[in-house]
Amino acid sequence: MDKMNQECYRMNNKEIYYFSGTGNSLVVARDIAEKLEGDLIPIHSVVNKERITTHADVIGIVFPVYYVGLINIPLIVQRFTSKLDEINNKYIFAVCTYGGGAGPTLTMLDEMIRARGGRLKAGFGVQMPQNAFRKPFENREKLYSKWKDKKLDSICEHVNQRDFHFDTDNFSMRIVGTILLQLMKNEFFRPLFIKPMKETAEFPKDSDLTVREIIPFIDRSYHTGGSCMGCKTCSRICPVGNIEIVDDKPVWKHHCENCLACIKWCPQEAIHGFGEQPEGYHHPDVGISDMLRG
Ligand SMILES: Cc1cc2nc3c(=O)[nH]c(=O)nc-3n(C[C@H](O)[C@H](O)[C@H](O)COP(=O)(O)O)c2cc1C
């Protein structure tokens with residue numbers, strides 16, 4: 001490639017950054033990257049840099065919704081966004097996957113991107129199977145085919161046109177999320193939301209902690225049963241290196257993202273926590289090798 005072509009290539013380059021615990025967001029990011037001929041980049045591979053800059057003129061951010069109304073955006077994705085630099089001329093779009101509804105997630109992401117001098121130009125919500133618990137009437141096949149047959153093309157078309165576009169998918173959940181967010185800001189209601197998280201993370205009831213302070217400690221509730229073979233899959237798959245193997249058993253180091261990868265990908269289904277986990281859900285088009293940390 002000569003220098004001019006190289007420059008042209010860079011100017012039109014597209015980068016799709018993603019975070020995923022059980023593969024739903026990875027499939028979405030991978031399909032988009034393939035269709036747009038962009039690069040697929042795991043957020044965990046860049047998030048520890050001091051600042052994140054890119055030559056790409058299109059940046060996609062794909063991630064799951066967590067605790068709608070409370071934090072909405074996984075903490076690792078928030079850290080990533082807060083390090084984006086020189087983004088004022090970029091076309092930035094985001095896709096959040098969710099089990100029930102995205103609430104104010106994309107609005108919140110736009111606020112974070114604006115704080116970095118850029119703007120979220122387009123945002124999309126993609127409903128996928130709920131990975132945190134089993135929804136009894138969920139039709140997973142229908143959700144997968146809705147993504148492949150409809151939504152993927154529509155998102156890529158908007159991005160190719162550099163449209164300014166926001167989904168109104170699940171409008172009612174957007175309202176619910178906004179109300180939750182307001183309640184959370186209220187001194188009276190906040191403790192009601194935080195109490196169950198404190199209990200899961202084994203903090204005393206009267207401790208004065210915020211949700212984002214509690215989340216990394218949710219792994220205190222994780223433990224292995226007798227069927228753990230010490231295979232180390234959990235440690236290799238954890239996107240943030242939060243698991244050490246000591247005496248052939250996982251030990252969690254309390255900088256957990258709550259992605260559930262360790263629980264859901266354990267080949268023995270030996271890890272429990274976060275309530276009890278009844279089944280090892282992961283997206284069927286994703287294998288352990290796709291998830292392993294670089
Ligand atoms: C800790 C946690 C919290 C979640 N909170 C919500 C939520 O508030 N609303 C929702 O619709 N889905 C929620 N989900 C479900 C995920 O957003 C959804 O299943 C997503 O597609 C998972 O993506 P992944 O497979 O890429 O990790 C939550 C999942 C986890 C693990």
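Whatever order the structure lists ligands and atoms in, that order sets their numbers, starting from 1.
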Proximity of [X] to ligand 1 by residue part, where a heavy atom lies under 4.0 Å:
| X | result |
| --- | --- |
| Thr22 | both |
| Tyr67 | both |
| Ala102 | neither |
| Met128 | side chain |

Does atom CD of Glu199 have more than 12 heavy-atom neighbours from other groups under 6.0 Å away?
yes
If you count the non-hydrogen atoms of other residues, nucleotides and ligands that lie under 6.0 Å from NZ in Lys195, is the total more than 12?
no
Using atom types as modelled, flag every donor-acceptor pair under 3.5 Å from a side chain in residues 19-28 to any protein atom, sequence neighbours excluded.
residue, atom, partner, partner atom, Å
Ser20, OG, Gly23, N, 2.9
Ser20, OG, Leu26, N, 3.4
Thr22, OG1, Asn131, ND2, 3.0
Asn24, OD1, Tyr281, OH, 2.6
Asn24, ND2, Pro129, O, 3.1
Ser25, OG, Thr97, OG1, 3.0

Do any N/O atoms on [X] end up under 3.5 angstrom from N/O atoms on ligand 1?
| X | result |
| --- | --- |
| Leu260 | no |
| Tyr66 | no |
| Asn258 | no |
| Ala132 | no |
| Val65 | yes |
| Phe274 | no |

Aromatic ring centroids of Phe124 and His165 under 6.0 Å?
yes
Proximity winner for [atom], if only heavy atoms of [options] are counted:
| atom | options | answer |
| --- | --- | --- |
| atom 12 (N) of ligand 1 | Ala261, Gly23, Gly99 | Gly99 |
| atom 11 (O) of ligand 1 | Pro74, Cys256, Gly69, Gly100 | Gly100 |
| atom 19 (O) of ligand 1 | Gly21, Pro64, Pro129 | Pro129 |
| atom 21 (O) of ligand 1 | Thr97, Val28, Leu143 | Thr97 |

Would you call the rings of Tyr144 and His283 parallel, tilted or perpendicular, where under 30° means parallel and over 60° means perpendicular?
tilted
Is there a salt bridge (charged side-chain N to carboxylate O under 4.0 Å, His left out) between Asp31 and Lys35? Walk through the geometry before answering.
CA-CA 6 Å; Asp31 289 350; Lys35 209 164 176 86; over 6 Å; no
Verify side-chain contact (heavy atoms from CB on, under 4.5 Å) between Lys90 and Val58, making sure each step is shown before the conclusion.
CA-CA 6 Å; Lys90 314 279 183 191; Val58 174; over 6 Å; no
Ligand 1 to Ser25, heavy atom cutoff 4.0 Å, flagged ligand atoms 23 (O), 24 (P), 26 (O)
At a 4.0 Å threshold, what atoms of ligand 1 neighbour a non-hydrogen atom of Val68?
7 (C), 8 (O)
Ignoring hydrogens and angles, write down the donor-acceptor pairs under 3.5 Å from the side chains of residues 201-209, residues two or more places apart or on other chains.
residue, atom, partner, partner atom, Å
Ser207, OG, Pro204, O, 2.6

Reported CD1-to-CD1 distance for the pair Ile32 and Ile16, which is rounded to 0.5 angstrom:
6.5 Å
Test side-chain contact (heavy atoms from CB on, under 4.5 Å) applied to Arg140 and Met128, step by step
CA-CA 7 Å; Arg140 291 179 176 173; Met128 278 280 168; over 6 Å; no
